[in-house]
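Sequential numbering from 1 along the given sequence is applied to the chain's residues. Values in this document were obtained by computation on a predicted structure and should not be read as measured data.
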Amino acid sequence: MTKPEKSPDWIIVTAILLLLTIGVIMVYSASAAYALNKFGDSFFFAKRQMMFAALGVFLMMMISRLDPALFYKWAKPGLWICFGLLVLVLIPGIGVLRNGARSWLGIGAFGIQPSEFTKLGVILFLSRYLSINQAQVHTLTKGMLVPLGIAGFAFALIMLQPDLGTGTVLMGTAFILIYAAGARIKYLTGLMLLGVAGFSGLVLAAPYRIARITAFLNPWQDPLGAGYQLIQSLFAIGPGGLMGLGLGMSRQKHLYLPEPHTDFIFSILSEELGFLGAGTAIILFAILVWRGMRVAIIAPDLFTSLIAAGVTGMIAIQAVINIGVVSGAFPVTGITLPFLSYGGSSLTLILAAMGLLLNLSRYVK
């Protein structure tokens, strides 16, 4: 890689810092009542979020200064490490069971989700693979089946936890990378249809996923059961109006809406800050995606272009799905909102990925 052309994209940096600031404020606001009730400290989650944000920003700054040749060098061993952790987390006594999924490694309240870091591992590996096999990327075997097989293996390990939400983001990101590399649309369309069929099979195979689909179609059919979370989310978004009820004035966060500081933090943001606050967050995500895709389009080589496209696509998929879920457009999936939702692994991973994007933005002409 040649010498960097300039400093990192300041628009991306600004969008990241603004989203992080909104996230820390909203995590405190959304979690204060629950944290005070359970831990006797209203700042319990906010302090941890600030700690993970500081760690993530440090990693982002470090990664943004690295030589991109290191990303190429470590793409393959990094993916193998991720696969090893995904296997390790499935072993009883090592993997920690939370919310019905064995997806954590760690002790007590502190832990990591290997599935989160696998998303970044898959992006780096597929970017390397597709750039090496650029001449064959239009073929069915090397251009589609091999990279999808690698992503599919990671997806299978994640589904053993099980974690359909993270697996969905991973496979969606893989399709974006393959498309960006130049795969034929007819192959991509056919395999996407097979993927939809497989996704439907996974939903039908688990009663709780069927209940989520039923609740999505008609939450009032089971208002105290499967439909409860979506109904409470809509009760939060609706009263927000244009200006919101005011920061800290949410009613639904007082033990009505489950997971108000994680998966459903956008509902609390909409309730307290209204359409203007929610719209501001969406605009910041749109700016981030725009600048990320700009880096991908004018990157100096295919490898770095695909990394930028993969990272940006991953952020876009997670944001669209999360906001769609809390507003009733999609079934509940358990996907966090980047930068805003509480969570150490997800926030650290997102900021590390932003470090990659900022690094590559220094080389665009």
* Asked: Should we count CZ of Phe39 as having more than 12 external heavy atoms under 6.0 Å?
  ->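 Yes, CZ of Phe39 has more than 12 neighbouring heavy atoms, counting only those of other groups under 6.0 Å.
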* For Lys47, which residues count as a salt bridge (charged side-chain N to carboxylate O under 4.0 Å, His left out) partner, sequence neighbours excluded? ->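 Lys47 satisfies salt bridge (charged side-chain N to carboxylate O under 4.0 Å, His left out) with Asp41 only.
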Within one Ile-Leu-Val-Met-Phe-Trp-Tyr cluster: [X] and [Y], side-chain cutoff 4.5 Å:
X: Val24; Y: Met61; result: no
X: Ile123; Y: Trp80; result: yes
X: Leu17; Y: Ile265; result: yes
X: Phe117; Y: Leu66; result: yes
X: Phe83; Y: Tyr129; result: yes

Minimum side-chain heavy-atom gap [X]-[Y] below 4.5 Å:
X: Tyr363; Y: Pro68; value: yes
X: Val89; Y: Gln161; value: yes
X: Lys76; Y: Phe125; value: yes
X: Ser250; Y: Leu245; value: no
X: Leu85; Y: Thr118; value: no
X: Leu126; Y: Leu306; value: no
X: Arg362; Y: Arg65; value: yes
X: Phe71; Y: Arg128; value: no

Say you draw a straight line from [atom1] of [X] to [atom2] of [Y]; how long is it, rounded to the nearest 0.5 Å?
X: Glu271; Y: Leu257; atom1: CD; atom2: CG; answer: 8.5 Å
X: Leu358; Y: Ile12; atom1: CG; atom2: CD1; answer: 5.5 Å
X: Leu360; Y: Phe303; atom1: CG; atom2: CZ; answer: 8.0 Å
X: Ile237; Y: Phe275; atom1: CD1; atom2: CZ; answer: 12.5 Å
X: Phe264; Y: Gln229; atom1: CZ; atom2: CD; answer: 3.5 Å
X: Ile307; Y: Ser131; atom1: CD1; atom2: OG; answer: 8.5 Å

* Asked: Going by distance alone, is a donor N or O of one side chain under 3.5 Å from an acceptor N or O of the other, for Ser341 and Thr336?
  ->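 There is no such pair (donor and acceptor under 3.5 Å, judged by atom type) between the side chains of Ser341 and Thr336.
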Ignoring hydrogens and angles, tell me if any N or O in the side chain of [X] forms a donor-acceptor pair with the backbone of [Y] under 3.5 Å.
X: Ser305; Y: Asp301; answer: no
X: Asp163; Y: Ser115; answer: no
X: Lys253; Y: Tyr34; answer: no

* **CA sep, side-chain torsions, deciding dist, call: Met26, Ile268, side-chain contact (heavy atoms from CB on, under 4.5 Å)** => CA-CA 8 Å; Met26 290 312 305; Ile268 305 301; 4.0 Å; yes
* Cation-pi between Arg48 and Phe44: NZ/CZ under 6.0 Å from ring centre and within 45° of the ring axis? ->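 Yes - Arg48 lies over the ring of Phe44, closer than 6.0 Å to its centre and within 45° of its axis.
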* Run the side chain to side chain donor-acceptor pair (under 3.5 Å) check on Glu259 and Thr262 step by step: do they pass? -> CA-CA 5 Å; Glu259 308 294 339; Thr262 56; 2.8 Å; yes
* To do: List the steps and the verdict of side-chain contact (heavy atoms from CB on, under 4.5 Å) for Phe153 and Leu157.
  => CA-CA 6 Å; Phe153 181 69; Leu157 290 175; 3.7 Å; yes
* Pairs meeting criterion salt bridge (Lys or Arg N to Asp or Glu O under 4.0 Å) with involvement of residues 164-173, two or more places apart ->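 Listed by first then second residue: nothing to list.
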* **Pairs satisfying salt bridge (Lys or Arg N to Asp or Glu O under 4.0 Å), at least one member in residues 23-35, at least two apart** =>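 Passing the test, one end in residues 23-35: no pairs.
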* Are Glu272 and Ser29 close enough, and set up right, to give a side chain to side chain donor-acceptor pair (under 3.5 Å), and what steps lead you there? -> CA-CA 9 Å; Glu272 295 189 347; Ser29 180; 2.7 Å; yes
Identify the heavy atoms of [X] and [Y] that sit nearest to each other, and give their distance.
X: Val326; Y: Ile323; value: CG2-O, 3.4 Å
X: Ala353; Y: Val311; value: O-CG1, 3.6 Å
X: Leu230; Y: Gly328; value: CD1-CA, 3.7 Å
X: Leu337; Y: Ala319; value: CD1-CA, 3.9 Å
X: Cys82; Y: Gly121; value: SG-CA, 4.4 Å
X: Ala154; Y: Val122; value: CB-CG2, 4.2 Å

* Taking only residues at least two apart or on different chains, which pairs with a member in residues 308-325 satisfy side chain to side chain donor-acceptor pair (under 3.5 Å)? ->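 Every pair satisfying side chain to side chain donor-acceptor pair (under 3.5 Å) with a residue in residues 308-325: Lys119-Gln318.
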* Asked: Step by step, would you call Val325 with Asp263 a side-chain contact (heavy atoms from CB on, under 4.5 Å)?
  -> CA-CA 9 Å; Val325 166; Asp263 299 354; over 6 Å; no
Validation: residues 278-300 side-chain donor-acceptor distances under 3.5 Å, sequence neighbours left out:
unit_1, atom_1, unit_2, atom_2, d
Thr280, OG1, Leu276, O, 2.7
Arg291, NE, Asp9, OD2, 2.9
Arg291, NH2, Asp9, OD2, 2.8

* Asked: Between Leu124 and Tyr72, does a side-chain contact (heavy atoms from CB on, under 4.5 Å) hold up when you go through it step by step?
  -> CA-CA 7 Å; Leu124 289 173; Tyr72 189 91; over 6 Å; no
Return all side-chain donor-acceptor pairs below 3.5 angstrom for residues 343-350, not counting sequence neighbours, or 'none' if the list is empty.
unit_1, atom_1, unit_2, atom_2, d
Ser345, OG, Gln113, N, 2.7
Ser346, OG, Gly343, O, 3.4
Thr348, OG1, Gly344, O, 2.7

* Centroid-to-centroid, Tyr28 to Phe43, below 6.0 Å? ->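 For Tyr28 and Phe43, the ring centres are under 6.0 Å apart.
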